[in-house]
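The block underneath contains the structure these notes are about, expressed in structure tokens.
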Amino acid sequence: MRPRPVRRNSQPGRHTVVVRLPGPRMPLRAYVGMLARGARPDAYTFPPLLKAAAELGAVPPSVGDAVHAHVVKFGLELNAHVASSLVLMYAARGDGVTARALLDVQPASGGGTPVVWNALMSGHKRSRQFRLSCCSFLDMMRAGVVATPVTYITVLSACGKGNDVLLGMQLHKRIIESGVLPDLKVENALVDMYAECGQMEAAWDLFEGMQVRNIVSWTSVISGFVRLGQVDRARVLFDRMPERDTVSWTAMIDGYVQAGQFREALEMFREMQLSKVRADEFTMVSIVTACAQLGALETGEWARIYMNRHGIKMDTFVGNALIDMYSKCGSIERALDVFNEVHSRDKFTWTAVILGLAVNGHGEEAIDMFDRMLRAFEAPDEVTFIGVLTACTHAGLVDKGRDFFLSMTGTYRIAPNVMHYGCMIDLLGRAGKLREALETIGKMPMKPSSAIWGTLLAACRVHGNSEIGELAAERLLELDPENSMAYVLLSNLYAKSNRWGDVRWLRQVMMEKGIKKEPGCSLIEMNGTIHEFVAGDRSHPMSEEIYSKLDKVLTDLKNDGYVPDVTEVFVQVTEEEKQKVLYWHSEKLAVAFALLVSESSVTIRIVKNLRMCLDCHNAIKLITKLYVREIVVRDRTRFHHFRHGLCSCKDYW
């Protein structure tokens, strides 16, 4: 089977071509027209109809049942090809009992033909019941039915996707003994099985020993290295490929996305365009995901135009990716537009828009969307509740948050995980309920993570609770001794309480242990290019102009009453030097760059790797007032929508 990049929550059977007509409903309409003209169906009529009915979600199950009734009506249920199509349809729908019953009534030696068994295994695989597919193969062997190359290809694919390497190895031995090899498709299936199971040494040995290779062979090995996170090795192989197609390009692009190398993913997509290879919806999901992580709204918009221009349909998966991208770029209005355009919504569609509303500060609207989801009879999952609890956090709805948290187990039978507890600690901490937050941590059924203690420590810093803050810092450093943020937060807590001796002691501890604060980094997209700024860095080709512009901006701010807030500067320097450290923070450099090169009507969008400091927050608020600009900053914890000297966040940490 041809390997494709794995798309999260991907639909089973996506890669099987059903009929060479525009959509599975077309052959069904053609059949109705045929009957209306008085024509009688035969054994060649029903296989394409049943394959169309097997497309999950494309047609209602009742349509497949009706086609089955016509098969019986016209006496074709024992025809091998019609029977195999029936078996495939029911197995693909997840109805393994009916599929197996149909196989058992086949007359060939009392055990069915290879064609029907292959259909059963393929159907199970399409409905993602990989274990059933493998078990059906064993039943086929017990029934004395001779396996064909198609059988081996189908079962090897099920072994790979089900991570059953032991059965895959047994199949490998049987294939060698059967004399099927050399067969390029079977060899490709073997390579892909080992690669999917993470057995890259075996996959590589097979690949190296192949007398003939094609694009599928190369792509299987590349995808295997990508799954193991060995993107550089995958790229070396990719560059050696004698020819490449959409699947191989997409595998490499998706590999960069999975490795968090989003800029490299976009660069590879540009190379793909130069190579005149057309992208498909799988490619575009990876590209849109990269844009979401980078906050690259311009490139994301271009990707959407590309899809429209090349006829790439906005199916549920593409729609979900676009909603996520617009949300993470701070454009929730466009995310809602896409949500309204997606007609076939799944729980991931609803969850994406709920999370998007929540992180962009629209807590009440996110909860309203959750209510709409329930009215649409779509069951929420663990991720949905992260969105709902996040919405309660940003809206300050403590009681509602508690109720939602309790309803997870009480109503929906979903066991809260550490992320849900993290949301609750954040909710209680922001509300100043630090003692209750600490008690909640004590009741957790799992060991609290460093993120849990970090969230509590951040809340203690805001509310000035040194007692619980010191406990949280102690627990955090036990789990993560090199966590610089723990020292920074605790230092800020001490400074807020005027405990300057403890501040100096903490700084000394950091120096002795060689712990350095993680450098701030901000990304901004301008004219389709991602620009990166690091605090105090001068490597940008426009550095001289940027720093000059920043000096002018700071002068304007001071003339309007701006006073630098140095409480979060964690270095032992003079007051003047502390202010200079603040002036050169990465987000200020990014804003100065944007003011230099962008039109006044363009929204400035910045993605920062750390939590934005209070001084930058105050400065950017004032910049939007003085320069009449809209600025959106996505930092590690939330979105900040700045406009007319105001920020969307109700509280700032």
Side-chain angles (χ1 to χ4, degrees), residues 1-2 4 10-108 112-129 133 136 148-151 153-154 157-158 185 280-282 311-313 315-316 344:
M1 174 172 280
R2 182 70 182 274
R4 295 299 308 253
S10 58
Q11 189 171 0
R14 162 62 182 78
H15 305 298
T16 302
V17 177
V18 178
V19 283
R20 296 189 179 185
L21 287 166
R25 293 179 181 270
M26 289 302 293
L28 298 168
R29 293 194 187 104
Y31 177 64
V32 171
M34 184 183 102
L35 293 178
R37 291 192 299 271
R40 183 181 177 85
D42 58 18
Y44 296 99
T45 307
F46 288 108
L49 296 175
L50 291 165
K51 287 180 181 179
E55 279 287 292
L56 296 181
V59 294
S62 57
V63 173
D65 297 338
V67 175
H68 187 182
H70 276 228
V71 168
V72 175
K73 176 181 177 180
F74 290 102
L76 294 168
E77 65 270 26
L78 296 182
N79 177 276
H81 291 291
V82 175
S84 65
S85 297
L86 277 168
V87 169
L88 175 66
M89 179 191 74
Y90 281 108
R93 279 168 37 176
D95 188 354
V97 174
T98 302
R100 184 57 191 266
L102 286 167
L103 182 145
D104 289 339
V105 299
Q106 294 303 301
T113 64
V115 173
V116 181
W117 279 101
N118 292 344
L120 178 66
M121 289 179 280
S122 179
H124 285 321
K125 185 167 67 72
R126 288 176 60 178
S127 62
R128 304 192 69 78
Q129 300 186 70
S133 188
S136 296
T148 66
V150 174
T151 309
I153 292 167
T154 303
S157 177
K185 290 182 178 179
D280 64 7
E281 59 267 43
F282 287 84
I312 298 174
K313 289 197 306 180
D315 63 11
T316 305
S344 180

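Sorted by first and then second residue, the salt bridge (charged side-chain N to carboxylate O under 4.0 Å, His left out) pairs involving residues 82-91 (not counting sequence neighbours) form an empty list. Note on residues 69-79: pairs passing side-chain hydrogen bond (donor to acceptor under 3.5 Å, both in side chains), not counting sequence neighbours, are Y31-H70.
Looking at every heavy atom in both residues, L50 comes nearest to V82 through CD1-O, 3.8 Å. Residue L120 comes nearest to A99 through the heavy atom pair CD1-CB, 3.6 Å, listed as atom of the first residue, atom of the second, then distance. When all heavy atoms of V115 and A80 are compared, the pair lying nearest together is CG1-O, 4.5 Å. Counting all heavy atoms, side chain and backbone alike, H124 lies closest to S136 at CD2-OG, 3.4 Å.
Judged by distance alone, with hydrogens and angles left aside, the side-chain atoms of S127 form a donor-acceptor pair with the main-chain N or O of A91 at under 3.5 Å.
Applying the side chain to side chain donor-acceptor pair (under 3.5 Å) rule to T98 yields the partners D95; only residues at least two apart in sequence or on another chain are considered. Take T151 and apply the side chain to side chain donor-acceptor pair (under 3.5 Å) test, not counting sequence neighbours, and it matches N118, T148. Scored by the side chain to side chain donor-acceptor pair (under 3.5 Å) test, H68 finds Y90 as partners (sequence neighbours excluded). In this view, T316 satisfies the side chain to side chain donor-acceptor pair (under 3.5 Å) rule with no residue, not counting sequence neighbours.
Rounding to the nearest 0.5 angstrom, the gap separating the OH atom in Y44 from the NE2 atom in H81 is 7.5 Å. A distance of 12.5 Å separates CZ of R128 from OG of S133, quoted to the nearest 0.5 Å. Atom CG in L49 sits 8.0 Å away from atom CE in M34 (nearest 0.5 Å).
You'll find the side chain of S122 reaches within 4.5 Å of the side chain of R126, heavy atoms only. Proximity of S157 to K125: side-chain heavy atoms (C-beta onward) are separated by under 4.5 Å at one or more points.
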As a quick check of understanding, evaluate side chain to side chain donor-acceptor pair (under 3.5 Å) for T45 and D42, giving each step before the final call.
CA-CA 5 Å; T45 307; D42 58 18; 3.1 Å; yes
